[in-house]
Amino acid sequence: MDRRDFVKSSLATAGGALLAGRTSTAHAVATPSAAPQSDYKPAHVPGSVPDSVIDTARFPDGFLWGSATAAYQVEGAYNEDGKGESIWDRFVLAPGKIKNGDTGNVACDSYHRYRDDVALLRALNLKSYRFSIAWTRIQPDGTGPGNARGLDYYDRLTDALLAAGIRPLPTLYHWDLPQELEDRGGWPNRDTAARFADYAAIMGRRLGDRIENWCLFNESKTFTQLGYLTGIFAPGRKDPFAFLKATHTVNLAHGMGFRALKSANARVKVGSVYDVSPHLPASGSEADRIAADAMEKLSNFWFIVPPLTGSYPEGALPAARQQELLGARPGDEQLLRADLDFVGLNYYSLTRVAASQEKLGIPALDVTVDWAVGPDEKTDIGWDIYPQGFYDILMRMHKVTGRRPIEITENGAAYNNRPDATGQIHDPKRSAYLRAHLLALSRAIADGVPVRGYHCWSLMDNFEWAQGYTQRFGLTWVDFDDHQRRTIKESGHWYAKVATDNRVA
Ligand code: IFM
């Protein structure tokens with residue numbers, strides 16, 4: 001099932017168990033909110049330059065052009081050099097969870113071919129590489145000292161990038177929790193936050209001398225909702241109580257990991273990556289508007305507001321039950337806080353939200369969510385193409401993130417064009433998607449959003465989670481049947497020219 005396939009009522013059904021829950025007792029986490037209320041309108045704001053007059057864009061001098069991958073999606077070598085088992089190593093073995101029964105056991109074999117990846121980045125003239133570190137290479141069971149061979153791998157990758165003049169931008173957690181920690185309760189278990197901070201400290205000590213910018217988490221919204229609420233991602237749990245607690249532990253881990261990295265090396269700059277999307281009511285009804293507002297708080301703002309304010313957006317959960325539902329404790333406000341040095345934003349598409357038929361009493365779960373019901377053209381994975389939403393959400397998030405520099409840490413499209421008779425991969429729709437989104441980005445920059453970099457997802461075709469290898473997001477074609485042969489697609493050449501010229505022509 002697709003990551004966006006929250007089947008109708010899945011949130012409401014999963015949330016049903018909450019009705020049977022205990023009622024709140026004491027201390028609630030304070031909830032003054034920095035999240036804008038639901039005033040989203042999918043239209044130009046005054047002062048923005050209309051699309052019709054922009055068909056080229058020059059980017060600010062020094063703008064960082066890059067590309068992104070994640071450990072489980074590209075590395076392979078799932079059990080080499082002391083690596084432990086992660087929740088994805090386990091999840092892919094469950095029948096029916098992943099298309100075609102695919103796994104990331106080999107993936108793009110980047111663990112052995114990372115030099116090829118660096119060569120690709122160079123060929124594309126990119127200056128920033130966002131990759132993730134596999135926690136289980138560093139701490140095979142999620143605790144204890146660093147595993148030398150795992151640390152050595154990220155040393156080698158970092159040094160190869162630096163030697164090629166490419167900035168390394170690691171993400172500490174891109175969804176691959178050590179299975180041992182899941183067996184001890186996973187993200188719903190508060191202790192996992194401390195384990196994450198230990199891991200962050202190991203990495204900061206090892207690579208903080210060479211890596212300046214770090215991302216803590218990738219898309220906390222997605223891996224908590226799909227991993228613990230709808231169960232379509234690892235670890236495959238469908239438990240609304242566990243889900244809500246997981247969100248709080250992740251936010252605690254975010255704050256604790258932030259401080260652990262800074263303590264390990266005072267020079268590092270720490271940010272995190274949030275996937276964001278305009279939340280549109282499915283109809284003009286008041287009920288749908290309220291549902292969209294609540295769901296947006298649980299998605300766009302649930303993980304970015306707590307570090308910046310020490311509190312959660314109001315109105316997603318019933319205030320009287322919030323502390324109990326999250327498993328929050330007195331003093332957590334301080335643990336949540338993290339004065340981020342920069343903010344990473346991922347954008348792909350928009351989100352439509354309808355009020356659920358069931359009324360469960362948990363606003364953010366009284367909803368149905370759909371990513372593919374609009375009139376817009378779709379990419380091959382079925383997501384609406386909506387570049388205006390990129391502009392809109394950047395303007396909206398900027399209200400929350402303020403002066404902090406923003407990096408686009410992911411944006412891209414799945415198109416499954418195959419090599420033609422000459423071996424070329426003609427994928428004009430990807431170039432068109434990127435072009436339209438880069439123009440929207442340039443308008444947001446012109447209107448004051450401090451964006452300093454852009455990473456196309458993805459450097460190469462890879463393991464697309466529950467979709468297995470059926471969806472190709474790469475700028476580079478990977479032939480999984482022919483020795484991992486990599487061929488830059490037409491869109492990759494187009495993007496390389498954008499990076500070289502620092503402009504979309
Ligand atoms: O492949 C994923 C990535 O791991 C996280 N962001 C979205 C991408 C496309 O689904």
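Atoms within a ligand are numbered from 1 in the order they appear, just like the ligands themselves. Both backbone and side-chain heavy atoms feed into the values below; hydrogens, waters and symmetry mates do not. Here the structure is a predicted model, which is why all the values come from computation and not from measurement.
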Out of Phe473, Trp465, Tyr348, who is nearest to atom 8 (C) of ligand 1 when you count heavy atoms only?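 Heavy atom nearest to atom 8 (C) of ligand 1 belongs to Tyr348.
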Would you mind telling me if ligand 1 is within reach of the side chain of Phe463, the backbone, both or neither, using heavy atoms under 4.0 Å?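 Looking at Phe463 and ligand 1, no heavy atom falls under 4.0 Å.
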List in chain and number order the residues that pass salt bridge (charged side-chain N to carboxylate O under 4.0 Å, His left out) with Asp155, two or more places apart in sequence or in another chain; answer none if no residue qualifies.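 Only Arg206, Arg210 meet the salt bridge (charged side-chain N to carboxylate O under 4.0 Å, His left out) criterion with Asp155.
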Taking the side chain as every heavy atom from C-beta outward, state whether Trp175 and Asn218 have any atom pair closer than 4.5 Å. yes
Phe463 meets the ring-ring contact (aromatic ring centres under 6.0 Å, His included) criterion, sequence neighbours left out, with Tyr72, Tyr469
Flag [X] as yes when one of its N or O atoms lies below 3.5 Å from any N or O atom of ligand 1, and as no otherwise.
X: Trp383; answer: no
X: Glu410; answer: yes
X: Glu219; answer: yes
X: Asn346; answer: no

Any heavy atom of His174 sitting closer than 4.0 Å to ligand 1?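 In this structure, His174 qualifies as a contact of ligand 1 - some heavy atom is under 4.0 Å.
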Electrostatic pair Glu410-Arg130, nearest N-O below 4.0 angstrom: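 Judged by the 4.0 Å cut-off on N to carboxylate O distance, Glu410 and Arg130 do form a salt bridge.
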Quick check on contacts: which atoms of ligand 1 are under 4.0 angstrom from a heavy atom of Glu464?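 Matching atoms, with element in brackets: 1 (O), 2 (C), 9 (C), 10 (O).
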For a side chain to side chain donor-acceptor pair (under 3.5 Å) with Asp275, tell me which candidate from Thr409, Asn300, Thr222 qualifies.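 Passing option: Thr222.
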Are Phe233 and Trp88 close enough that their ring centres sit under 6.0 Å apart?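 When the ring centroids of Phe233 and Trp88 are compared, they turn out to be within the sub-6.0 Å range.
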